[in-house]
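Remarks on the structure that follows.
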Amino acid sequence: MNPLALTIFLLSLAIGTTITLSSYHWLLAWVGLEINTLTIIPLMTKIPHPRAIEAATKYFLTQAAASALLLFSSLINAWQTGEWNIDSISHLPMNALSIALMMKLGLAPLHFWMPEVLQGISLSTGLILSTWQKIAPMTLLLQTSHLINLDLTIILGLTSILVGGWGGIGQTQLRKIMAFSSIGHLGWMIVVLKFNPSLTLFNFIFYVIMTASMFFSLMTISATKMSEISASWSKTPTLTTSTLLILLSLAGLPPLTGFAPKLLISLELVKQNATLLAALIMLASLLALFFYLRLTYVVSLTLPPNSPNSLSSWRTSTKTLPITAIVNTLALILLPITPTLLIFL
């Protein structure tokens with residue numbers, strides 16, 4: 001893609017998210033979300049492949065439907081209350097608005113677009129879709145968390161954790177696995193949204209760091225299938241080791257970064273007398289743990305036949321190595337400074 005066009009699109013993404021983050025008016029928030037949606041579509045279709053065109057079309061139709069529902073619910077709210085402020089919304093439009101934002105995030109059962117879209121685009125665009133594109137809808141949910149329906153968040157959160165686990169078990173494509181991983185992590189965030197929004201924000205920050213590090217690692221070793229990542233051990237052992245640890249961090253195993261959000265959310269639910277819910281989401285997350293462990297097994301304990309031990313034949317992207325090293329470090333060692341981060345939140 002032309003560097004000038006790429007710069008314009010990335011700046012537009014930043015502007016769209018900034019407008020939504022700084023808005024106090026539902027129309028401005030909607031405009032920011034629309035800028036984000038329309039900007040990422042050219043990035044999806046930068047490789048003119050039928051699969052990419054299909055992914056962009058599915059993404060556009062889903063996001064357009066969610067935006068229409070968001071605009072419709074905010075119009076009903078303005079008609080009922082006479083106000084467009086984000087924090088003054090009545091209960092009936094709030095349910096429709098929550099569903100619209102959850103559709104934009106890709107929560108189950110509104111998740112069907114997410115794995116298909118992510119599979120059809122490149123890893124770099126998938127990184128933007130899985131991290132940056134979720135900032136604006138998640139911010140709006142956090143701003144309206146005191147008005148959101150508790151039953152809705154619990155049902156959609158638990159469904160997302162289950163779907164994220166079940167969907168990822170049978171996959172061999174790494175982008176689809178990351179899509180179902182994203183659905184599962186968002187489920188954990190939504191479950192605790194009404195109880196403790198700060199904890200949802202904390203989990204979201206950690207999710208962005210871990211997902212970005214995984215995508216950067218896959219971009220560096222140019223792997224999109226499980227068979228490709230299995231051949232990486234004999235050729236880039238250091239990077240493969242960090243990828244293995246990031247997978248375990250995404251699974252939420254101690255003493256890695258991903259353990260902190262799961263521990264704190266479980267403790268918060270127990271504190272709110274929702275012990276049964278905490279037990280259910282922990283049991284449901286065992287499904288996701290299975291496919292993360294299967295991936296680490298494929299990476300570390302399998303070796304394809306006739307694989308040379310030389311670095312010369314391996315396709316590595318040196319452009320992403322420095323940022324991969326930084327993000328991977330963050331994704332692995334943030335657990336000790338978790339109490340410090342919680343003070344700021």
Closest non-hydrogen atom pair between Gly106 and Ile183, with its separation: O-CG1, 3.5 Å

For Ala66 against Lys104, the heavy-atom pair lying closest together: CB-CG, 3.6 Å

side-chain hydrogen bond (donor to acceptor under 3.5 Å, both in side chains) involving Ser217 - partner list, sequence neighbours excluded: Asn328

Residue pair Thr37 / Tyr59, side-chain donor-acceptor N/O under 3.5 Å: no

Non-hydrogen side-chain atoms of Ser130 and Phe215 separated by less than 4.5 Å: yes

Gln63 side chain reached by Leu33 side chain, heavy atoms, under 4.5 Å: no

Thr153 side chain reached by Met102 side chain, heavy atoms, under 4.5 Å: yes

Derivation of the side-chain contact (heavy atoms from CB on, under 4.5 Å) call for Leu97 and Trp26: CA-CA 11 Å; Leu97 196 136; Trp26 276 116; 3.3 Å; yes

Leu129 CG to Leu123 CG distance, which is reported to the nearest 0.5 Å: 12.0 Å

Trp166 atom CH2, neighbour heavy-atom count above 12 within 6.0 Å: no

Interatomic spacing from CE in Met282 to NZ in Lys262 - rounded to 0.5 Å: 11.5 Å

Ile326-Tyr207 co-clustered via ILVMFWY side chain contacts under 4.5 Å: no

Residue pair Thr139, Thr20: steps toward the side-chain contact (heavy atoms from CB on, under 4.5 Å) verdict: CA-CA 8 Å; Thr139 306; Thr20 304; 5.7 Å; no

Side chain Ser181, main chain Ile177, donor-acceptor under 3.5 Å: no

Over all atoms of both residues, closest heavy-atom pair of Val208 and Thr131: O-CG2, 3.9 Å

Linked, directly or transitively: Leu293 and Met214 (ILVMFWY side chains, under 4.5 Å): yes

Distance-only polar pair, side chains of Lys134 and Thr211, donor-acceptor under 3.5 Å: no

Backbone N/O of Ala64 and side chain of Ser67: donor-acceptor pair under 3.5 Å: no

Separation of Ile205 CD1 from Thr200 OG1 (nearest 0.5 Å): 11.0 Å

Same cluster (ILVMFWY, side-chain, under 4.5 Å), Ile190 and Phe112: no

Shortest non-hydrogen contact from Leu28 toward Ile19: O-CG2, 3.4 Å

From CG (Leu156) to CG (Leu186), nearest 0.5 Å: 11.0 Å

Within-4.5 Å side-chain heavy-atom neighbours: Ile8 and Ser12: yes

Any side-chain heavy-atom pair of Trp84 and Leu75 under 4.5 Å: yes

Nearest-0.5 Å distance, NZ of residue Lys58 to CH2 of residue Trp113: 12.0 Å

Nearest atoms (heavy-atom pairs only) where Ser124 meets Lys46: OG-NZ, 3.2 Å

Main-chain N/O of Gly164 paired with His111 side-chain donor or acceptor, under 3.5 Å: no

Contact check, side chains of Phe195 and Leu150, non-hydrogen atoms, under 4.5 Å: yes

Side-chain heavy atoms of Ile229 within contact of Ile221, under 4.5 Å: yes

Closest approach of Ser145 to Ile148 (non-hydrogen atoms, all atoms of both residues): O-CG2, 3.3 Å

Ser249 side chain to Gly258 backbone, donor-acceptor under 3.5 Å: yes

Asp87 backbone acceptor or donor facing Asn85 side chain under 3.5 Å: no

Side-chain donor/acceptor of Trp132 to backbone N/O of Asn36, under 3.5 Å: no

Flag, side chain of Trp188 to backbone of Asn203, donor-acceptor distance under 3.5 Å: no

Main-chain N/O of Thr224 paired to Arg175 side chain as donor or acceptor, under 3.5 Å: no

Reported CG-to-CG distance for the pair Leu280 and Leu162, which is rounded to 0.5 angstrom: 8.5 Å

4.5 Å side-chain heavy-atom contact, Ile128 and Leu13: yes

Donor-acceptor contact below 3.5 Å, side chain Gln119 vs main chain Pro115: no

Within one Ile-Leu-Val-Met-Phe-Trp-Tyr cluster: Ile76 and Met94, side-chain cutoff 4.5 Å: no

Candidate pair Val117 and Thr62, rule side-chain contact (heavy atoms from CB on, under 4.5 Å), full reasoning: CA-CA 10 Å; Val117 169; Thr62 313; over 6 Å; no

hydrophobic_cluster_shared for Leu276 and Val192, side chain cutoff 4.5 Å: yes

Chi angles and distances behind the side-chain contact (heavy atoms from CB on, under 4.5 Å) call for Met226, Gln173: CA-CA 6 Å; Met226 207 181 282; Gln173 298 287 334; over 6 Å; no

Sidechain-backbone polar pair: Lys194 side chain, His146 backbone, donor-acceptor under 3.5 Å: yes

Pairs touching residues 155-166 that satisfy salt bridge (Lys or Arg N to Asp or Glu O under 4.0 Å), sequence neighbours left out: none

Other cluster members, Ile53 - Ile/Leu/Val/Met/Phe/Trp/Tyr, side-chain contacts below 4.5 Å: none

